[in-house]
Amino acid sequence: MNDAIQAFERHFGSSPAQTVRAPGRVELLGNHTDYNQGLVMALAVDRYISLAVAPRPDDTVELISTAYEEPARFALDDLAKDPAAPWANYTKGLLVQLRERGVRFGGFNAAIHSTVPLGGGLSSSAALLVSSALAVRKLYPYVLQADGSGESVESPAPPMTDPERMALAKACQAAENRFVGVNCGLLDHISSLFGRAHQVIRIDCLHLTVDWAPLPADLEVVVCHSGVRHALVGGEYNQLRAHCESAARSLGVEALRFVSPEALEAGRGRLSERDYQCARHIVGENDRVQRGATALEANDLATFGEFLFASHASSRDHFHNSCPELDVLVELAREHPGCIGARLTGGGFGGATLNLVHATEARSFREHIAMAYEARTGQRLESWICQVVDGAA
Ligand code: GLA
């Protein structure tokens, strides 16, 4: 948080009025299931986007980021996409959504600092959207209703309820879908808002419900960054989603959530090969999340870990959202006796792997994988042990 405050003071020459932060997330199991109305498990982790903000009297927003040199400045009556500062599109898109929901706000200055690695697959984008939404709520209090409508309220805004959190997650998703142009699901925004320390967030994207289950205490969450930057804005993500939706249509259902592994095989003849492969990944992931939840509840870590490895293999072989570097990372993780499971996390095409590692072995695991990864790919590996934390408040 200090970095955001200092950046604010340096650039704007005064102190911020408020600070907020929102965590990144690690997708534990359930890949690309969210926009298929499926099931997913996630963790909010101790990598944050922090915002230091203050209102300003004109209807202008000035954003600075410690990750970019140029500030972004725009008038509230001109919330258009700016190719010169794509990072500012998240906040802009969010403002558009709040306004459409009936929220009134004025201008503000904001300094953004991120410890969520950009392009690392931990969803810096959702953390930026959520922190922007909370920053505006602190400066210009509002409440969102479960039906999505919103209204400005007297200061201070009341504490957020879970239905309001869900409504806010949807507003963030809409900003990303409609303004930024990524047809992502709700996983990232829900995770950033609903995280709980030491708990796995279990999300049902059909009923839009969330519950929590403890993550076994002796496990560390190790994230290994392949060094391949992924950008969902790249279009592959939207293509995968289109294949899933096309498969669901051909099978006569609203979403792949309603397709069992048996029904998929029975309907295979109605699908193009690519649609089938994509559907196979999603249907398999929903099944693994369900069975994984049971394994975790029984503290059967070996079985849970195998679901992680199987999830990665399905990404690699069916969904095609892995890349050679991620495959190497998972292969190397499997070699280490302390690792119970590993898989790519998030959209794919680069970014990071998630590794669940027995705490006593975490150090040796990181050393092993860093050395072996460099030997295999010539690239230095960055890895982090992440703590599982509360969501944004
Ligand atoms: C990205 C998207 C999410 C989700 C994951 C894959 O993180 O933003 O909505 O689809 O990929 O599970």
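For the numbers below, each heavy atom of this structure counts, side chains included, while hydrogens, waters and symmetry mates do not. Predicted model, so just to flag it, every value in this text is computed and none were measured. Order of listing sets the numbers, starting from 1, for every ligand and every atom in it.
Residue pairs meeting the side-chain hydrogen bond (donor to acceptor under 3.5 Å, both in side chains) criterion with at least one member in residues 73-87, sequence neighbours excluded: E62-R73.
Against a heavy-atom cut-off of under 4.0 Å, D188 is close to the following atoms of ligand 1: 1 (C), 2 (C), 3 (C), 7 (O), 8 (O). Applying the 4.0 Å criterion to heavy atoms of D34 picks out, from ligand 1, the atoms 3 (C), 4 (C), 9 (O), 10 (O).
Using a non-hydrogen distance threshold of 4.0 Å, G346 registers as a contact of ligand 1.
Here CG of D327 is found 10.5 Å from CG of L332. Values are rounded to the nearest 0.5 Å. In this structure, the separation between NE2 on H368 and CD on E335 is 4.5 Å, given to the nearest 0.5 Å.
Residue-to-ligand polar distances place G185 within reach of ligand 1: an N/O pair is separated by less than 3.5 Å. Looking at C184 next to ligand 1, no N or O pair under 3.5 Å apart turns up.
Counted within 6.0 Å of CZ on R21, heavy atoms from surrounding residues, nucleotides or ligands total 12 or fewer; the atom is thus considered open.
The heavy atom nearest to atom 2 (C) of ligand 1, considering only F349, Y237, F319, Y35, is found in Y237.
With a 4.0 Å heavy-atom cut-off, ligand 1 is reached by the side chain of R25 but not by its N, CA, C or O. Here E176 has no heavy atoms under 4.0 Å from ligand 1, in either its backbone or its side chain.
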Practice prompt. Take R257 and D204 through the salt bridge (charged side-chain N to carboxylate O under 4.0 Å, His left out) test and state the conclusion after the steps.
Written response: CA-CA 10 Å; R257 166 67 178 272; D204 181 327; 3.0 Å; yes
Discussion item. F365 vs H358, test: ring-ring contact (aromatic ring centres under 6.0 Å, His included). Steps then yes/no.
Written reply: CA-CA 9 Å; F365 173 81; H358 287 293; over 10 Å; no
